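In this text, all values refer to a predicted model and were calculated from it rather than measured experimentally.
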Protein chains: 2
Amino acid sequence: MKKKVRTKRDEILYAAWGLFESQGYHATGINQIISESGVPKGSFYHYFPEGKEGLALEAIDAIGEGMIEGVRAACATRDDVVEGIVSLLQIIATKLDETEYRHGGPLTIVSLETATTNERINAACRSAYHGVQAELVKKLIQGGFTESDARDLSTTIVASLEGGILLSRAFHSTEPMEQTARQLHNLLSERRRTATIANN
Amino acid sequence: MKKKVRTKRDEILYAAWGLFESQGYHATGINQIISESGVPKGSFYHYFPEGKEGLALEAIDAIGEGMIEGVRAACATRDDVVEGIVSLLQIIATKLDETEYRHGGPLTIVSLETATTNERINAACRSAYHGVQAELVKKLIQGGFTESDARDLSTTIVASLEGGILLSRAFHSTEPMEQTARQLHNLLSERRRTATIANN
DNA sequence: GTCTATAATACGATAGAC
DNA sequence: GTCTATCGTATTATAGAC
């Protein structure tokens, strides 16, 4: 548990994480980050000589680790992968609701904003999503899915998750996320059932 | 067909549409919009006295209409609703690829950016998504789905669509969108099959 | 209605004292 | 390492000539 923020550097990274998550990259200014973290501007550029972009790259790496940890934690609460993954969507829905739809989807906005406008940040986002999908593929195969299905489904899971976050944030309601979770449950159950039958 | 841009006002709206779609709200400046549309700044504030926000509200309304039209057009190309909806994802994938992942998901970024930071724009986005989902519900019920399933599935379709767009833009590849489309096809087919059996 | 010049403000980034 | 004052350059928006 290194959740406890210790150094000033971590304080900046943690503040940036939250602000990028709720507002996105372009709407978040250095001034806001330093006022939120209580660090003077001079110190900020001492710790992050590459400025806002360098900070974002590090923040996204940390976010990526956090997302993988989120997948692992959700799956650890259930015996079955399918139940674990669906519970992940429910955990995110709860977080969205508790934060008034500001948090729960830390990369969603930033990855879209920078997909075609900032190659370095795009690469960092890509790497983060790649890590999450790799973890999902591993869990799905362990849970009895075929490798081919696992690849398609890991993408579908992340897409459902991100799309559900988008709609829940837009409507300020957990309902879209819950509807998506229900149908993802239907899909995963059915896919595994079909694959199991085919193998017998 | 009022696709042909006539007035200077439409020229501004059309330029804003494209820039909001590819870059988002915060990264798009008035200066860029007027230089893209070739309209002087004074004229811009003459046509849009409420400035950037007023322009965005109108652009989003137009985008919403365009999205509904997109659903109708895609469904019109196929006899079956399920095939029509899946073809919509494929159409978007093609558009993403053809525009180097800049276009194809005109509200995705803006709706996320403004979900908790701008109430007026959020309301406009919500209304646009609501219209799309209403159209989808109508088509699904016509296509043999139960009303209860149609509501859940309309959300799931939009979530898959937006999530697929996010991943395809992040990875600069149509593959995520295609994987999502395949699994959406599986889900919709299976859901209708189950409902049909239950009704007999 | 059309346009240019400019205001007021915020941005990211830096210089340089301590 | 720490901090403040400041630089240039964006931004949105306006004033006022034509």
Beyond-backbone contact of [X] with [Y], side-chain heavy atoms, under 4.5 angstrom:
{"X": "B/E83", "Y": "B/D79", "result": "no"}
{"X": "A/E11", "Y": "A/Y47", "result": "no"}
{"X": "A/M177", "Y": "A/L167", "result": "no"}
{"X": "A/F20", "Y": "A/L107", "result": "no"}

Evaluation steps, side chain to side chain donor-acceptor pair (under 3.5 Å), between A/N186 and A/R182: CA-CA 6 Å; A/N186 285 337; A/R182 267 199 297 275; over 6 Å; no

ILVMFWY cluster, B/I68 and B/I60 together (side-chain gap under 4.5 Å):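 Yes, because B/I68 and B/I60 connect within a single hydrophobic cluster, where side-chain heavy atoms sit under 4.5 Å apart.
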
Sugar-phosphate only, base, or nothing, as touched by B/Y47 at under 4.0 Å among non-hydrogen atoms: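 Sugar-phosphate, no base atom in range.
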
How many Å lie between [atom1] on [X] and [atom2] on [N], as a whole number?
{"X": "A/F48", "N": "C/dT14", "atom1": "CZ", "atom2": "P", "value": "15 Å"}
{"X": "A/K8", "N": "D/dG1", "atom1": "NZ", "atom2": "P", "value": "12 Å"}
{"X": "B/R9", "N": "C/dT2", "atom1": "CZ", "atom2": "P", "value": "12 Å"}
{"X": "A/F44", "N": "C/dT14", "atom1": "CZ", "atom2": "P", "value": "11 Å"}
{"X": "A/Y45", "N": "D/dT4", "atom1": "OH", "atom2": "P", "value": "16 Å"}
{"X": "B/E50", "N": "D/dT14", "atom1": "CD", "atom2": "C1'", "value": "16 Å"}
{"X": "B/L55", "N": "D/dT12", "atom1": "CG", "atom2": "P", "value": "11 Å"}
{"X": "B/I34", "N": "C/dT2", "atom1": "CD1", "atom2": "P", "value": "14 Å"}

Cation-pi geometry met for A/R9 and A/F48 (6.0 Å, 45°):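 Cation-pi check for A/R9 and A/F48: passes.
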
Cation-pi check, B/K52 onto B/Y25 ring (under 6.0 Å, within 45° of axis):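 That pair qualifies as a cation-pi contact.
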
Scan nucleotides 6-11 of chain D against the protein and return all N/O pairs shorter than 3.5 Å with their distances rounded to 0.1 Å.
residue : atom : partner : partner atom : Å
D/dT11  : OP2  : B/N31   : ND2          : 3.0

Inter-axis angle, terminal five-pair segments of the helix from C/dG1-D/dC18 to C/dC18-D/dG1 [nearest 10°]: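 The two end axes of the helix from C/dG1-D/dC18 to C/dC18-D/dG1 meet at 10°.
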
Where at least one partner belongs to residues 79-106 of chain B, residue pairs that pass ring pair (Phe, Tyr, Trp, His ring centres under 6.0 Å), sequence neighbours excluded: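 Residue pairs passing ring pair (Phe, Tyr, Trp, His ring centres under 6.0 Å), neighbours aside: B/Y101-B/H172.
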
